[in-house]
K.L.:
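The structure is given below, and queries will be raised subsequently.
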Amino acid sequence: QQQYRCFRSVVLLKLPVGVRTSMSDVEVFHEKQRLELCAIHALNNVLQERVFTKETADDICKRLAPQCVVNPHRSVLGTGNYDVNVIMAALQSRGLAAVWWDKRRLVQSLYLEKVQGFILNVPSRVSLGIVSLPLRRRHWLAVRQVNGQYYNLDSKLKGPVCIGGETELRSFLKEQLSQDVAEMLLVVQREVEDDGTWLIPDNPGK
């Protein structure tokens, strides 16, 4: 049965997995972590709507490796843990592209107006119930702008966390990417990927 929750006198529909949270009269969609579905949550959070499900991600896996008995793009247990190929294929199905960010570049060279959102792959602690284990696994999380402010939409958070404006975003990304195994994908329109306008040119006057 669908339930309704009231935030700041705004009645919002609570979805089975994701929920739109009203933050200072700004609605931000945020899916919380379930199983090993962080890639799906990151996709939906960066798109700000529930587009992809475990079923659609599994279908993508089958298309990527139709002849494989054990699919290399997801967990053998069937709980998720989808790889970057699934994320890229999912974005392509929406007319978008995922551009891998070279960490040798400075985040100041990002042309933020051309970037729809960010999907990061970072190390994350493993928990068993309320117990945090001394282990780390790779975790997908989304960041994007909503009404002029950037939000950390990590599915392991209780809700969206406001990062701030462009200056705060660049600091946040720099901190995340300082981790040795962290990686970042830029979510952009296909034409932006093709012409490379997600990057500020070294000599803009030429």
Side-chain angles (χ1 to χ4, degrees), residues 18 28-31 33 36-54 56-61 63-65 72-75 80-124 136-146 149-157 160-161 163 166 168-200:
V28 182
F29 178 87
H30 179 248
E31 279 190 1
Q33 184 73 18
E36 294 180 291
L37 305 181
C38 58
I40 295 174
H41 302 320
L43 283 164
N44 289 339
N45 287 339
V46 84
L47 295 173
Q48 282 295 282
E49 60 178 316
R50 189 169 186 249
V51 177
F52 298 103
T53 63
K54 183 178 183 299
T56 55
D58 286 338
D59 286 342
I60 291 173
C61 289
R63 294 201 303 270
L64 291 172
H73 302 292
R74 64 183 179 189
S75 167
N81 197 24
Y82 302 103
D83 70 9
V84 65
N85 298 285
V86 177
I87 288 177
M88 295 177 72
L91 290 172
Q92 287 171 6
S93 73
R94 300 285 294 181
L96 299 169
V99 176
W100 174 75
W101 176 254
D102 187 341
K103 291 169 63 175
R104 293 172 297 182
R105 298 184 185 274
L106 297 176
V107 294
Q108 281 73 16
S109 62
L110 275 168
Y111 190 8
L112 294 176
E113 291 182 9
K114 297 287 187 176
V115 181
Q116 181 168 325
F118 307 85
I119 295 180
L120 291 90
N121 189 254
V122 298
S124 178
R136 283 180 175 267
R137 297 190 64 182
R138 304 297 289 270
H139 175 66
W140 297 105
L141 66 90
V143 173
R144 74 160 288 164
Q145 186 185 62
V146 180
Q149 295 292 303
Y150 288 92
Y151 290 86
N152 179 357
L153 302 171
D154 187 345
S155 57
K156 286 191 173 183
L157 295 173
V161 173
I163 297 170
E166 292 188 3
E168 292 79 13
L169 171 71
R170 294 184 196 275
S171 297
F172 173 85
L173 296 179
K174 183 179 179 180
E175 180 182 357
Q176 293 295 317
L177 293 173
S178 67
Q179 304 173 85
D180 289 339
V181 295
E183 299 291 345
M184 182 168 72
L185 299 173
L186 312 180
V187 179
V188 299
Q189 296 291 329
R190 286 183 182 176
E191 58 269 23
V192 172
E193 178 193 29
D194 292 339
D195 59 26
T197 50
W198 48 270
L199 189 65
I200 297 174

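For this chain, numbers begin at 1 and follow the sequence in order.
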K.L.:
Using atom types as modelled and distance alone, determine if a side-chain donor or acceptor of R144 lies under 3.5 Å from a backbone N or O of L153.
P.N.:
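No: the side chain of R144 does not pair with the backbone of L153.
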
K.L.:
For the backbone of A97 and the side chain of R190, can you confirm whether one donor and one acceptor N or O come within less than 3.5 Å of each other?
P.N.:
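Not at all, since once roles are kept as given, no pair shorter than 3.5 Å links the two residues.
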
K.L.:
Using side chain to side chain contact (heavy atoms under 4.5 Å, CB included) as the criterion, point out the one residue from L141, N152, V46, L169 that pairs with F118.
P.N.:
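Exactly one candidate clears the test, L169.
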
K.L.:
Are any non-hydrogen side-chain atoms of L43 and V51 less than 4.5 angstrom apart?
P.N.:
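The answer is no, as the side chains (C-beta and beyond) never meet within the 4.5 Å cut-off.
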
K.L.:
When you measure from the side chain of Q179 to the backbone N and O of Q176, does any donor-acceptor pair fall under 3.5 Å?
P.N.:
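Yes, the answer is positive, given that a donor and an acceptor are paired below the 3.5 Å cut-off.
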
K.L.:
How many angstroms lie between atom CD1 of I163 and atom CG of L173, to the nearest 0.5 angstrom?
P.N.:
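Spacing of CD1 (I163) from CG (L173) equals 7.0 Å.
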
K.L.:
For the atom pair CG (L177) and CZ (R105), what is the distance rounded to the nearest 0.5 Å?
P.N.:
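Interatomic distance, L177 CG to R105 CZ, rounded to 0.5 Å: 13.0 Å.
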
K.L.:
Could you tell me if the side chain of Q189 sits less than 4.5 Å from the side chain of L96, heavy atoms only?
P.N.:
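With C-beta onward as the side chain, the pair touches.
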
K.L.:
Any ion pair linking D154 and K156 (charged N to carboxylate O, less than 4.0 Å)?
P.N.:
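Looking at K156 and D154, the cut-off is not met.
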
K.L.:
Working to the nearest 0.5 angstrom, can you tell me the gap between R138 CZ and E36 CD?
P.N.:
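So the CZ of R138 and the CD of E36 are separated by 14.5 Å.
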
K.L.:
For E168, look at atom CD and say whether over 12 heavy atoms of other residues, nucleotides or ligands are found less than 6.0 Å away.
P.N.:
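Atom CD in E168 is packed in, count exceeds 12.
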
K.L.:
Please check if atom CE in M88 has more than 12 non-hydrogen atoms from other residues, nucleotides or ligands closer than 6.0 Å.
P.N.:
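For M88, atom CE is not crowded (no more than 12 foreign heavy atoms under 6.0 Å).
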
K.L.:
Which value, rounded to the nearest 0.5 Å, describes the distance between I87 atom CD1 and N121 atom CG?
P.N.:
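Reported value, rounded in 0.5 Å steps: 7.5 Å.
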
K.L.:
Do H139 and S155 have side-chain heavy atoms sitting under 4.5 Å apart?
P.N.:
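Sidechains of S155 and H139: in contact.
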
K.L.:
Closer than 3.5 angstrom, by distance alone: can the side chain of R170 be matched with the main-chain N or O of L110 as a donor-acceptor pair?
P.N.:
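Confirmed, R170 side chain pairs with L110 backbone.
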
K.L.:
Please list, chain by chain and in numerical order, all residues satisfying salt bridge (Lys or Arg N to Asp or Glu O under 4.0 Å) with R94, sequence neighbours excluded.
P.N.:
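Result, salt bridge (Lys or Arg N to Asp or Glu O under 4.0 Å) vs R94: E49.
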
K.L.:
State the CG-NE2 distance between N45 and H30, to the nearest 0.5 angstrom.
P.N.:
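One finds 5.5 Å between CG of N45 and NE2 of H30.
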
K.L.:
Output yes when a side-chain donor or acceptor of W140 lies under 3.5 Å from a complementary backbone atom of Y82, and no otherwise.
P.N.:
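Yes, W140 side chain to Y82 backbone: donor-acceptor pair under 3.5 Å.
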
K.L.:
Do L185 and W100 come close enough that some side-chain heavy atom pair is under 4.5 Å?
P.N.:
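Counting from C-beta outward, L185 and W100 do come under 4.5 Å.
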
K.L.:
Can you confirm whether the side chains of D83 and N85 place a donor and an acceptor under 3.5 Å from each other?
P.N.:
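On atom types as modelled, these side chains qualify, holding a pair under 3.5 Å.
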
K.L.:
Just by modelled atom types, is the D180 backbone N or O under 3.5 Å from a matching donor or acceptor in the K103 side chain?
P.N.:
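Yes; judged by distance alone, with no hydrogens or angles, the pair exists.
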
K.L.:
Sub-3.5 Å donor-acceptor pair from the side chain of N44 to the main-chain atoms of F52, do we have one?
P.N.:
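Yes, because the side chain of N44 sits within donor-acceptor range (under 3.5 Å) of the backbone of F52.
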
K.L.:
I'd like to know if D59 pairs up with R63 as an ion pair, taking the criterion as any Lys NZ or Arg NE/NH1/NH2 lying under 4.0 Å from an Asp or Glu carboxylate oxygen.
P.N.:
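No, D59 and R63 are not salt-bridged.
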
K.L.:
What are the two closest non-hydrogen atoms of K114 and W198, and how far apart are they?
P.N.:
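Scanning both residues, the minimum pair turns out to be CB-CA, 4.1 Å.
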
K.L.:
Please say whether more than 12 non-hydrogen atoms of neighbouring residues, nucleotides or ligands are located less than 6.0 Å from CD in Q108.
P.N.:
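Yes, because the 6.0 Å sphere around CD of Q108 holds more than 12 heavy atoms from other groups.
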
K.L.:
Are side-chain heavy atoms of L47 and Q116 found at a separation under 4.5 Å?
P.N.:
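In contact.
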
K.L.:
Kindly compute the distance separating CD1 (I200) from CD (E113), expressed to the nearest 0.5 Å.
P.N.:
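Answer for the CD1-CD pair, I200 versus E113, is 9.5 Å.
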
